[in-house]
Amino acid sequence: VSSSFLVVDDSPVGRKILRRVLAMVGVEASSVHEAEDGVAALELLRAQTIDIVLTDIHMPRMDGIELVRQMRADGRLARTAVIVVSSDRNDARQQELKSLGACAYVVKPLRPEMLRDAVLAATGGVA
Amino acid sequence: VSAFASSGLAAVATNALEEAAFLFVEQDDSVALAPQGSVVASIGFAAPKRGLLRVLTDVDGARLLAANVLGLEGDDPDVDASSVAAVSELANIVAGLLLVEVSAPGALTAIDIPRVGADARNARPACAVSFRTAEGYPFRFELSWEDGHVA
């Protein structure tokens, strides 16, 4: 079983790193889409079937917190798994995102095994 | 916040370079990098006091950073295309680690979006550290506070 991913980060290097780490840890991805902010991510989520969203927090136009909030308010996207990947280690922000329904919060610098574990948890171990 | 000085910045920067880019560095105060002619990324933050971090390297240092974080060979065309953004990403990571060190537990903190290029607000850094990688490429990190405090 493989999953479709959406990587959301305003940094093109950040998106490439996530793609690379997903491949490194052996996550089987049927597709990996990219978006540079929350606005672009929502458009893509409404047009494609995505299993797991990996999102940064601090982005122009729409940040990761608002992205998760809007996903949870959208019936079709409300149950899509969200993993937050950010350099922001603020505890309150982590709690806020988890209370909004993010299933994991992985901090940068990215440790491959942390992302692997988060993806496995989000997919019930079948990614 | 005022007690945070070059040694703290050095520890955070070294950690980020090693963990994010597998770059092993030694502190080298002889490194001379000016904003003009360097690859520069700046990122503002609140801890909750406003501060600014600036990361500088040269063109080849930025290329090495990009190659390492992306796992590419040095002659891969994506290295050149990603080099400036790689410095920006490094600034983002260092800022995240820095906030843990300079803010009190439970404090409200925020990180801005990194920007490429020098930021005039950082003209007089409160502290700065310079390194050279094992390959000889220079990296410099400068931290300033909005009120101009010098540690």
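Lettering follows sequence order; numbering is per chain, from 1. Only heavy atoms go into these numbers, but all of them, side chains included; no hydrogens, no water, no symmetry mates.
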Part of [X] lying under 4.5 Å from any heavy atom of chain B:
X	value
Asp91(A)	neither
Arg111(A)	side chain
Met59(A)	backbone

Which heavy atom of [X] sits nearest a heavy atom of [Y], and at what distance?
X	Y	result
Ser87(A)	Asn92(B)	OG-OD1, 2.9 Å
Ala85(B)	Val13(A)	CB-CG2, 3.5 Å
Asp88(A)	Ile111(B)	CA-CD1, 3.9 Å

In one Ile/Leu/Val/Met/Phe/Trp/Tyr side-chain cluster, 4.5 Å: [X], [Y]:
X	Y	value
Phe131(B)	Leu98(B)	yes
Ile50(A)	Val85(A)	no
Ile52(A)	Ile17(A)	yes
Val12(B)	Val100(B)	no
Val107(A)	Val94(B)	no

remark   = Contact list (residues 13-25 of chain B to chain A, heavy-atom gap under 4.5 Å, by number) returns Glu19(B), Ala20(B)
[X] side-chain N/O to [Y] backbone N/O, donor-acceptor pair under 3.5 Å:
X	Y	answer
His58(A)	Ile113(B)	no
Asn90(A)	Ala107(B)	yes
Arg20(A)	Val69(B)	yes

ask   = Taking atom CE of Met114(A) as the centre, does the number of heavy atoms from other residues, nucleotides or ligands within less than 6.0 Å exceed 12?
value = no
query = Is it the case that more than 12 heavy atoms not belonging to Arg79(A) sit under 6.0 Å from its CZ atom?
reply =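 Counting neighbours around CZ of Arg79(A), 12 or fewer heavy atoms of other residues, nucleotides or ligands fall under 6.0 Å, so no.
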query = So which of Asp78(B), Leu108(B), Leu99(B) has the biggest tally of heavy-atom pairs under 4.5 Å with chain A?
reply = Asp78(B)
key: Options Ala86(B), Gly96(B), Ser88(B), ranked by heavy-atom pairs under 4.5 Å with chain A, top entry   =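 Option with the greatest count: Gly96(B).
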query = Excluding sequence neighbours, so at least two apart, what forms salt bridge (Lys or Arg N to Asp or Glu O under 4.0 Å) with Asp74(A)?
reply = Arg46(A)
ask   = So which of Pro60(A), Ser86(A), Ala92(A) has the biggest tally of heavy-atom pairs under 4.5 Å with chain B?
value =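 When all of Pro60(A), Ser86(A), Ala92(A) are compared, Pro60(A) has the most.
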key: Pairwise distance CD(Glu89(B)) to CG(Asp10(A)) - rounded to 0.5 angstrom   =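 These two atoms lie 8.5 Å from each other.
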inquiry  = For the CZ atom of Arg89(A) and the OG atom of Ser103(B), what is their distance to the nearest 0.5 Å?
reply    =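 These two atoms lie 11.5 Å from each other.
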Heavy-atom side-chain proximity of Lys108(A) to Leu97(B) below 4.5 angstrom = no
